[in-house]
Number of protein chains: 2
Amino acid sequence: MPTISVENYLKAIYHLEQQGEEGGLVKNKAIAEKLEISLPSVTSMLKSLADNGLVVYERYKGVKLSPDGCSQALNVIRKHRLIELFLVETLQYTWDEVHSEAELLEHAVSDKLAAKIDAYLGFPDSDPHGDPIPSVDGQVRVSSAIPLNQCSPYCTAIIKRVLNQSPELLRYLKELGLVPGSAVDVVSVQAFDGQMNLSVNSTQGETSAIITAQTASCILVLPQ
Amino acid sequence: MPTISVENYLKAIYHLEQQGEEGGLVKNKAIAEKLEISLPSVTSMLKSLADNGLVVYERYKGVKLSPDGCSQALNVIRKHRLIELFLVETLQYTWDEVHSEAELLEHAVSDKLAAKIDAYLGFPDSDPHGDPIPSVDGQVRVSSAIPLNQCSPYCTAIIKRVLNQSPELLRYLKELGLVPGSAVDVVSVQAFDGQMNLSVNSTQGETSAIITAQTASCILVLPQ
DNA sequence: TTAAAAAGTTAGCCAAAACTAACAAGGCAA
DNA sequence: TTGCCTTGTTAGTTTTGGCTAACTTTTTAA
Ligand SMILES: [Mn+2]
Ligand SMILES: [Mn+2]
Ligand SMILES: [Mn+2]
Ligand SMILES: [Mn+2]
């Protein structure tokens, strides 16, 4: 069984692969920053992961997950997201609190417990942030949602996912009704800085919100 | 924050203190056996725990928990038992499955999560095995329950607790209706080996059971 | 009372996973 | 093209928590 540290590396590499361009290797520096660990520590762990067949490591270039490493990463991510949703559904956690709890629990939850949680929740396909929950066999539903900052005025869209775990940002978005399931109308966009003026249709009714392009880029939507 | 290993030692020492005689020190050997770790490893950990003020360690004699060590042990035990009950109550785990899950989860559950689980369960005072759940401030309800093998014929008693985590034994006892809450009548006791002939009044109705003195010693009851 | 067995300690080893300091390679801009 | 800055690697150290082998202390039983 992989250690907690190994699981965290695999997860980090998986996430960095997702956001990097197709087929590109993940740089050591990016892993070091994500995990807040020194570069030499990363180099030495990557060698060890490579020795164990979990990654393909090219000296001075970077790494990518092997099929085995990828499925292990997905198994941890699956647990993470199931735990997040479970905490929200059963214990009244809010969506800004669950990430840090899940970050530890993901390494202590057995496959059996994950399966029970999955069944209890009715085999959900996404967590409280709209992140897809990988299936037991490592399938991840793909979505055609796009960042909200890429929407033009008069566009109407449904929020599908929020790509950020910062509790502050999440509380701010919740305040504005900008959560998965809400509908947004793009009222106007500032030409020079991309600031967006939105009309939001959430469970709290119809409200308006003005957010930066930066913030909008974390919000994935499906235009209607 | 203590490591997982330190938490496991503190818990083991606490449990061994409970079963040893009043005021006696816990022997290194007992810890080694309980944790399935070599004696030298135990010696070295005890020194380190003593350096950190978690135990009082007397060379060649044994250890006892310091007040600080005791409260840390109780906090882990509290989490363990809350988790066990939570798994049974919400996820249809059976009482023989929960111990091993809780053994890992107890180290990953935050104080905050423990408090939420506690509230969700309605501030229970015992886990599925009848083990008392320590309060946040380290209070443990004492019970005057006695081992069933100390009961005489014609005695009627209510089962309060089962002092054994073996899945096999637990499944066997469940089968016989010998679970906390059931009422037992001692029909007869074999003179030479203490084997007990019982009449059991459980949720499954009135049944009879014959168990060894050894098995009966794990079952704590309150005579009526 | 004393010798053997059991329990405990010391010394020395290892692995995992972190770190810093020093050096090497790669990439970019002048 | 060259030089510098960034990135990556190597070497060596630390901490934690295991281990075995060898020795010492304590306990037990003859
Ligand atoms: Mn994690
Ligand atoms: Mn999430
Ligand atoms: Mn444990
Ligand atoms: Mn229990």
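Chain naming here is simple, since letters A, B, ... match the order of the sequence lines and numbering starts at 1 in each.
Using a 4.0 Å heavy-atom criterion, one finds that A:Ser44 contacts no nucleic acid atom at all.
The closest side-chain heavy-atom distance from B:His80 to B:Val76 is not below 4.5 Å.
Regarding B:Leu46, its CG atom lies at a distance of 12 Å from the P atom of D:dG17, rounded to whole Å. Atom NZ of B:Lys47 is separated from atom P of D:dT16 by 15 Å (rounded to the nearest Å). Rounded to an integer number of Å, the gap from CG of A:Asn28 to P of C:dA24 is 19 Å. Here the P atom of nucleotide C:dT9 and the NZ atom of B:Lys61 are 11 Å apart, to the nearest Å. Separating the CG atom of B:Leu25 from the P atom of D:dT25 is a distance of 19 Å, rounded to the nearest angstrom. To the nearest angstrom, C1' of C:dA17 lies 16 Å from CD of A:Glu36. Rounding to whole angstrom units, CG of residue B:Leu39 and P of C:dA6 are separated by 13 Å. Protein atom CD of A:Glu7 is 11 Å distant from nucleotide atom P of C:dA17, rounded to whole Å.
With distances taken from any side-chain atom of A:Met45 to the nucleotides D:dG18, C:dA18, C:dT9, the minimum falls on C:dA18. For B:Pro40, taking side-chain heavy atoms from C-beta onward, the closest of the listed nucleotides D:dA11, D:dG18, C:dT10 is C:dT10.
Taking side-chain N and O atoms only, B:Thr3 has no distance below 4.0 Å to OP1 or OP2 of D:dT16. Using a 4.0 Å cut-off, some side-chain N or O of B:Tyr9 falls inside it from OP1 or OP2 of D:dG18. Checking the phosphate oxygens (OP1, OP2) of D:dG18, a side-chain nitrogen or oxygen of B:Ser5 falls inside 4.0 Å. Under 4.0 angstrom from either OP1 or OP2 of D:dT26 there lies no side-chain N or O belonging to B:Lys27. A sub-4.0 Å separation between OP1 or OP2 of D:dT10 and a side-chain N or O of A:Arg59 is present. For A:Ser41, no side-chain nitrogen or oxygen approaches OP1 or OP2 of C:dA17 to under 4.0 Å. Neither OP1 nor OP2 of D:dG8 sits under 4.0 Å from any side-chain N or O of A:Lys29. OP1 or OP2 of C:dC19 lies within a sub-4.0 Å distance of a side-chain N or O belonging to A:Ser38.
A side-chain contact (heavy atoms from CB on, under 4.5 Å) with A:Leu173 is found for exactly one of A:Asn164, A:Ile159, A:Leu178, namely A:Leu178.
Position along DNA chain C of the nearest nucleotide to A:Val6 versus A:Tyr60 favours A:Val6 as the more 5'-ward residue. For the pair A:Val42 and B:Ile37, nearest-nucleotide mapping onto DNA chain D gives the more 5' position to A:Val42.
With hydrogens and angles ignored, the 3.5 Å screen pairs no side-chain donor or acceptor of B:Gln150 with any backbone N or O of B:Pro147.
Using a cutoff of 4.0 Å between basic side-chain nitrogens and carboxylate oxygens, A:Glu7 and A:Lys11 are not scored as salt-bridged.
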Please lay out, stage by stage, how B:Arg171 and B:Glu175 fare under the test salt bridge (Lys or Arg N to Asp or Glu O under 4.0 Å).
-> CA-CA 6 Å; B:Arg171 281 194 294 271; B:Glu175 193 88 15; over 6 Å; no
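Inspection of the B:Asn8 and B:His107 side chains reveals an N or O donor paired with an N or O acceptor under 3.5 Å.
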